[in-house]
Amino acid sequence: MRGPRASNSCQALASHPPSNRSNQSETCDTHFDFICCGCHSEEQAIKNIWCEGGACTDVWLSVKVVVILLVPLLTQRIEALITPEPVSGEEETMSVDAEPRKPRILLAASGSVAAIKFANLCHCFTEWAEVRAVATNASLHFIDKTSIPKDVVLYTDEDEWSSWKKLGDTVLHIELRRWADIMVIAPLSANTLGKIAGGLCDNLLTSIVRAWDYSKPFFVAPAMNTFMWNNPFTERHLISIDELGISLIPPVTKRLACGDYGNGAMAEPSTIYSTVRLFYESKSQQGNGDI
Ligand SMILES: Cc1cc2nc3c(=O)[nH]c(=O)nc-3n(C[C@H](O)[C@H](O)[C@H](O)COP(=O)(O)O)c2cc1C
């Protein structure tokens, strides 16, 4: 049978009452629109059906079989086209059951004496967020590693190099940069501030910063002696990092670890936590899909 003409054939056959068959050729010539596989022309088909009654039965049977087979198939196909695609099992589970995942916070410490509060800062974030930590070599003089929450991995420069052995291995600073939704450096030393402002990247922390996607939130909480804070370099560097899109959690004025009184002490961990969380949640409520 040849394609679309088959359906017309059913109508054509139905429209010819048996009584017309004796007066075949004119009637057939006028109405028939069907060629079966055994007939190589319309003329032959007409002859088979109306003029040579024996062949007529075969064609009738063919038509019936084709209709029986094709109609359910076509119905299925049409239903598939008009029915919306079902969501896959995973997506369905996501939309119905899954809670949104926790924000991923990369907390970093550089070599200010305020790094003695770093473990406390990690604790502040762990209930709300998934936390990973990065420490510069200088900051390790101040951090009590045993106080870091158990579920927080602390990465150092040593890990950056021990995790890479050959081409094809993952590069830690790139992996951490990919993983994080938010970065927070607290405390930020004068040295690391200057390196970020100048684009230097000679350790794990500054390599992450150098690779950072600045459409993601990034906070710094500087901590340094008042002499350092008031030095003209500080303002220059703060302007540079502000241009990058890094947010400043300013230091506070109080008695410093060195005994001096003045500005330069790191903001309290609870203040850093609430600033970051408030910012993140207000952005999320605005429907910012990037964070
Ligand atoms: C006891 C001690 C306390 C320090 N405190 C600070 C500080 O509060 N802020 C700061 O910017 N640098 C401070 N420094 C200097 C930094 O540790 C130093 O510049 C270091 O190179 C910083 O390295 P990093 O930025 O890679 O962590 C201190 C150094 C010492 C020895």
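Positions are given from 1, in the same order as the sequence printed here. These numbers were taken from a predicted model, which means no experiment stands behind them. Counting starts at 1 for both ligands and their atoms, in listed order.
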Worksheet item: Is there a donor-acceptor pair under 3.5 Å between the side chain of Thr271 and the backbone N or O of Ala267?
Response: no
Item to complete: Decide whether Asn137 and Asn203 meet the rule of one side-chain donor and one side-chain acceptor closer than 3.5 Å.
Response: no
Fill in: Polar side chain donor-acceptor pair, Asp213 to Ser215, under 3.5 angstrom
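The answer is yes; a qualifying pair exists.
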Fill in: Cation-pi geometry met for Arg277 and Tyr280 (6.0 Å, 45°)
no
Fill in: Axial cation check for Trp164 ring with Lys166, 6.0 Å and 45° limits
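Verdict for Trp164: no cation-pi partner in Lys166.
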Worksheet item: Would you call the rings of Trp128 and Phe125 parallel, tilted or perpendicular, where under 30° means parallel and over 60° means perpendicular?
Response: tilted
For [atom], what is the nearest protein heavy atom, given as residue, atom name and distance?
atom	answer
atom 8 (O) of ligand 1	Ser112 OG, 2.9 Å
atom 11 (O) of ligand 1	Ala190 N, 2.7 Å
atom 5 (N) of ligand 1	Val113 N, 3.5 Å

Practice prompt. Check each atom of ligand 1 against the heavy atoms of Ala138 and keep those under 4.0 Å away; list them by number with element.
Written response: 20 (C), 22 (C), 23 (O), 27 (O)
Fill in: Numbered atoms and elements of ligand 1 in range of Ser189, under 4.0 angstrom, heavy atoms
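Going through ligand 1 atom by atom, the ones under 4.0 Å from Ser189 are 10 (C), 11 (O), 24 (P), 25 (O).
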Fill in: Member of Lys283, Arg101, Arg132, Lys102 meeting the salt bridge (charged side-chain N to carboxylate O under 4.0 Å, His left out) criterion with Asp181
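One option only clears the test, and that one is Arg101.
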Fill in: With Met183, the side chain to side chain contact (heavy atoms under 4.5 Å, CB included) member among Leu107, Leu205, Val276
Leu205
Backbone or side chain, does any N or O of [X] fall under 3.5 Å from an N or O of ligand 1?
X	answer
Gly111	yes
Ser110	no
Asn191	yes
Thr192	yes
Thr136	yes

Discussion item. Could you check whether atom 29 (C) of ligand 1 has a protein contact, counting only heavy atoms that fall below 4.0 angstrom?
Written reply: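 For atom 29 (C) of ligand 1 the answer is no, since every protein heavy atom stays at 4.0 Å or beyond.
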Worksheet entry | Contact summary for Ser163 and Leu172, nearest pair of heavy atoms |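 Reported closest heavy-atom pair: OG-CB, 3.9 Å.
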Worksheet item: For ligand 1, is Ala223 a contact, meaning one of its heavy atoms is under 4.0 Å away?
Response: yes
Practice prompt. Examine the proximity of ligand 1 to Phe142 and report which part, side chain or backbone, both or neither, has a heavy atom under 4.0 Å away.
Written response: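 Near ligand 1, Phe142 shows its side chain, while the N, CA, C and O stay back.
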